[in-house]
Every structure is written in C-alpha cells, then in structure tokens.
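Report on one structure; see the data block that follows.
Protein chains get the first letters and strands the later ones, always in sequence-line order, with residue 1 at the start of each.
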Number of protein chains: 2
Amino acid sequence: MTERKREILAASQNVLKEKGYAATSVRDIAKALSMEPASLYSHFKSKEDILKITCFDMADKLEIGIAEVNDIYFNAEEKLRTAINLHVKVLTQNLNSAMIFIRDWRNLTGKSLDQFILKRNAYEAGFREIVQTGINEGIFNETDKKFAALTILSSVNWIVEWYKEDGSLSSEQIATKLSDFILSGLKKDTV
Amino acid sequence: MTERKREILAASQNVLKEKGYAATSVRDIAKALSMEPASLYSHFKSKEDILKITCFDMADKLEIGIAEVNDIYFNAEEKLRTAINLHVKVLTQNLNSAMIFIRDWRNLTGKSLDQFILKRNAYEAGFREIVQTGINEGIFNETDKKFAALTILSSVNWIVEWYKEDGSLSSEQIATKLSDFILSGLKKDTV
DNA sequence: ATATTTGCCTAACGAACGTTAGTTTGTGAG
DNA sequence: CTCACAAACTAACGTTCGTTAGGCAAATAT
C-alpha cells in the first residue's frame, strides 16, 4: 500500500464514519479529498473495497491481540484485563476505522461477508475461552459463557460511540474502568 | 394509525432491519409487501417518515418505562433491575423496531434528528439518576456516573444483535442475567 | 342511487448513484 | 531529452434512487 493510498484511505474513513457506509457516496469521499470521484478508482477498485480493507484491517489488529493474550500464560483475570486493554487500545487508536468496522460490516457482500463473519466468530470464541479459563480456575461465576462474552464485547465496543480523543479519559483509564466494571460489577463489595 | 398502515409499517420494519435503513430502498419495501413503490406513499409521506415513526415509537416506549421506575420508590438496586427489565422487554418484544431504533437513528435529518438526540439524552440521564441514587445510598461504587450509564445501556442494547425469539433464553431470563452481571460482575464473591 | 373516500395502480420525473473509458499532467530514472 | 509510470482529470455510461401526478376500482357513507 502506497503512502498516497493510505492517505486516501484515512480520509475516506473519516467521511464514512460520519454518516455510515451506505449513506455515504463516492462523491462525498472525493469531495473531502478535493478530487474527482473517478480518481479514487486509481487506488481502489470499488467503494466496497474501501469497506473491506477497513473491516479486515481492524479484524486483523484485534485478532493479533487476542492470540497473544491466549498464548502467553496469565491467570484468567489478568488475561481478561489484558484482552480488554488491547481491544480498547485498538479501538481508540483507530477510532474512525473502529466505528466503520463495528457498524458497517453488514454492508460487505459475498465472500467478504462470509469471511468477516468467520473472523468475528473466532474473535468472540477467544473471549469465551478466557471466560472458560476463569470458570475452570474457580474465580469466575458459572455464567453462560456465550452470554458473558457477548456482554463484555458489547460494552467494550460501544465506546466508539462516545469516546473523544480529547476527552477526560485516556485509553488506559477506560480499559481499567471497564475491566473493573466487568469483573466486579456496580455493586459495592459487602466484605 | 389505521390497521393497514400498521401492517405496512411492520412489514417495512421487517425489511429495514435486515440491511439497514440507508441500504434498503423503497422498492425493496414495496416488494416485500407485493405492492408498487408508489403505493407506499398513500400511507407514509416519505421513506424517512417510516424511520421517524419507528425511532420515536421506540423512544416513547422506553421513556414511559424509565419515568415509571424513577417515580415509584424502590431502592437503587431494585430500581436498576426494574429499569433493565423494562428495557430488555421493550427491545425483545419489538425486535425489528429495536434494531432500527438503535442502529439507524443517525439517518434521521433536521429537526427529527435533533429531537431524537434530546430524547436519547434524557433517557440516558434517567439511567444516570438511578446510578446516582445507588451511590447516595452507599450501595454502588463511586464510579463515573456517565461511564456507568453508558456501559449499562451498551450491554443492554447489544442484545438486539443476538437475541432470537426462539432462543433458549426468555426476555425475563436475559434481563435477570444482565442485571446480575451489571450489578455483581463476572468475578466470584470472595466472601 | 349517488357521492366520497380509500388503496392501489401505471407512468414517469429529475437527481444521484457506482463505475468505466480514455486522456492529460507531473515526476523521477535512464 | 525522453521514456515510463503514477495519479489525477473530463466525460459519460447505465442503473437505481425517492418521489409525484393522475387515474381506476372497490368499499363506505349519505
């Protein structure tokens, strides 16, 4: 990927995140780049190509994280905290892509869509595995694994809706708060 | 709203939930109803009208719930459990609308969009108020209120992505599980 | 029996869509 | 100086989009 292509990709994502993939036209993207719509096709072979690259790029970034975490040994709590931390970092450091990745992947078609869903399921399975580890170790409640993994991911993914780079919370702080919340809940320990 | 209009609305929502508002054409909706695109305009004055009705209808349903909960006195935990229960019920009992409401509200324009955002903020404030009550009562952790409310809502809203009416979990069971999760977290009590 | 309304139709509008073909322009290498 | 290549351009393609105008038939009200 050339420098220029990366540049155009970034600008495209900046436009796509605003109104969503389906509601954004190729002409919208071109306008943001002060170029003609047709010129985009020197770099990308279709509008969906931009979506595909964005989604799979994010999926890869996340996949690498969870694989690392599950390979290196930690206890389950450490594992989960690390996984959440990495996830939050990837999202907040790629906020535009993250929003497109989470919200617009449904607009993929054909084989791309199938492949994406496979990747997504694999990632979810990684989280389920961590939960299972915790249950085995006897430190997590015997909760429905799938349910827990989905609930964790949903609360983590939603940050793209409200996170602002100039906000009061850093990526690290968010990850810590979220981990605390997920692990210990809202209720005070009555110890 | 006439019987027929309600019927067409429901069918429209069933189509819209699949590919999303922006990616669904008026012709798609008409096809699902075995009628001509133009005929829809006997009932709705625009495509966005359908979105608007759907979003505000859901917002109203949720608003009614949270107002009730906050009026009647409960302790904070009861309050939160009831609010979550109502929220989950509204979502699962209107699954198509719920998905559109959560995912596609951004496609509203002008005054509708502004009004919707106001409603949404008010609803979030309702949840924040419950969290505040719990902090005042000394039973919730002194966590960032806005953060907690957003995290709660995100995990609750995400159920529209995976809830199936014929699934193994009833709406009640989901609400209970979610409430437990949110209140007590994943970690076992070390009491 | 007649008038009104409801619900859908056919036909078509102008605008916007994603994309292609073919061409020009600028830049760096031989 | 020329050649090669990348990156942009102009112009336009066929398609689909949301929507409107106007009419027709059946149901409902008078």
Side-chain N or O of A/His43 versus OP1/OP2 of D/dA8: is the shortest distance under 4.0 Å?
yes

message = Can you tell me if B/Ser42 touches the phosphate of C/dC8, counting only side-chain N or O atoms and a distance under 4.0 Å to OP1 or OP2?
response = no

What is the distance, rounded to the nearest whole Å, between atom [atom1] of [X] and atom [atom2] of [N]?
X	N	atom1	atom2	result
B/Arg27	C/dC13	CZ	P	14 Å
B/Lys47	D/dT20	NZ	C1'	17 Å
A/Glu36	C/dT19	CD	P	17 Å
B/Leu40	D/dG18	CG	C1'	11 Å
B/Ile8	C/dG7	CD1	P	8 Å
B/Tyr41	D/dT20	OH	P	7 Å
B/Arg4	C/dG7	CZ	C1'	8 Å
A/Tyr21	C/dC17	OH	C1'	12 Å

When A/Lys45 and A/Ala23 are each assigned the nearest nucleotide of DNA chain C, the 5'-most assignment goes to A/Ala23

- request: Kindly state whether the ring of B/Phe181 and the ring of A/Phe181 have centres lying under 6.0 angstrom apart.
  value: no

* Axial cation check for B/Phe56 ring with B/Lys119, 6.0 Å and 45° limits -> no

Against the side chain of A/Ser46, the closest entry in D/dA7, C/dT19, C/dT10 is C/dT19

With a sphere of 6.0 Å drawn around NZ of A/Lys177, does it hold more than 12 non-hydrogen atoms of other residues, nucleotides or ligands? yes

Worksheet item: How is A/Ser25 classified with respect to the nucleic acid when contacts are heavy atoms under 4.0 Å: base, sugar-phosphate, or nothing?
Response: sugar-phosphate

Only residue of A/Asp60, A/Leu62, A/Ile64 satisfying side chain to side chain contact (heavy atoms under 4.5 Å, CB included) with A/Val90 is A/Leu62

